[in-house]
Amino acid sequence: VERAAAAYWRLLADGARGNPAVAAHTWLDSLRAGPTPDTLALAPPQGRRAGAIEDVADLDAFVLDALVIHEALGVRDLATALNVGAARCRAVLRHLEAQGVVEALTDPDLCAEGPAWRVRLPWLPAVERLLRARGLLRRR
């Protein structure tokens, strides 16, 4: 039991790549209903593989890079940062949203003109690995 617990926490830490928000999200996502109504069970942490998104187009990668660096951006700010039309940015964001990689945040404090977009926490480590492999991200 002790070795299994140590392996679980090691997998959780490795999957989160040092990001406490990703670790907390992954831990909560791994909780399941236990055998009795007053118990919980833990499933192994499920990380997202960079291979699932490694063939993204260059513009998609640049959008993901901007979202990782700035954490959350509106379409107008993203279009300005990438020097691309807002319509193209919107199309890329919708495509990445359909894949489950990004999400729209509707908090008016983040972006008054519309939703702000960010990389979903379960995908953040895989996206960072992909961007590092392409030479677009040099953090950490």
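Model, not experiment: these values are computed from the prediction.
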Exercise. Thinking salt bridges, do R118 and E71 make one under a 4.0 Å N-O criterion?
Worked result: no
For this session: List the atom of L67, the atom of V119, and the distance in Å for their closest heavy-atom pair.
Result: CB-CG2, 4.0 Å
For this session: Count the heavy atoms belonging to other residues, nucleotides or ligands that lie under 6.0 Å from CZ of R88, then report whether that count exceeds 12.
Result: no
For this session: Please step through side-chain contact (heavy atoms from CB on, under 4.5 Å) for the pair L136 and L64, ending with a clear verdict.
Result: CA-CA 10 Å; L136 295 175; L64 289 170; over 6 Å; no
Seminar exercise, completed: So CH2 of W123 and CG of L130: to nearest 0.5 Å the spacing works out to 10.0 Å
For this session: Check whether any side-chain heavy atom of R134 lies under 4.5 Å from a side-chain heavy atom of V56, and answer yes or no.
Result: yes
Problem set entry | Distance (rounded to the nearest 0.5 Å) between H70 NE2 and D65 CG | 8.5 Å
For this session: Measure the CZ-CD distance between R120 and Q99 for me, rounded to the nearest 0.5 Å.
Result: 12.0 Å
For this session: Could you tell me which non-hydrogen atom of C89 sits nearest to which non-hydrogen atom of A79, and how far apart they are?
Result: SG-CA, 3.6 Å
Seminar exercise, completed: Nearest heavy-atom contact between A66 and L78 is CB-CD1, 3.6 Å
Exercise. Is a side-chain N or O of W117 found less than 3.5 angstrom from the main chain of V102, in a donor-acceptor match?
Worked result: no
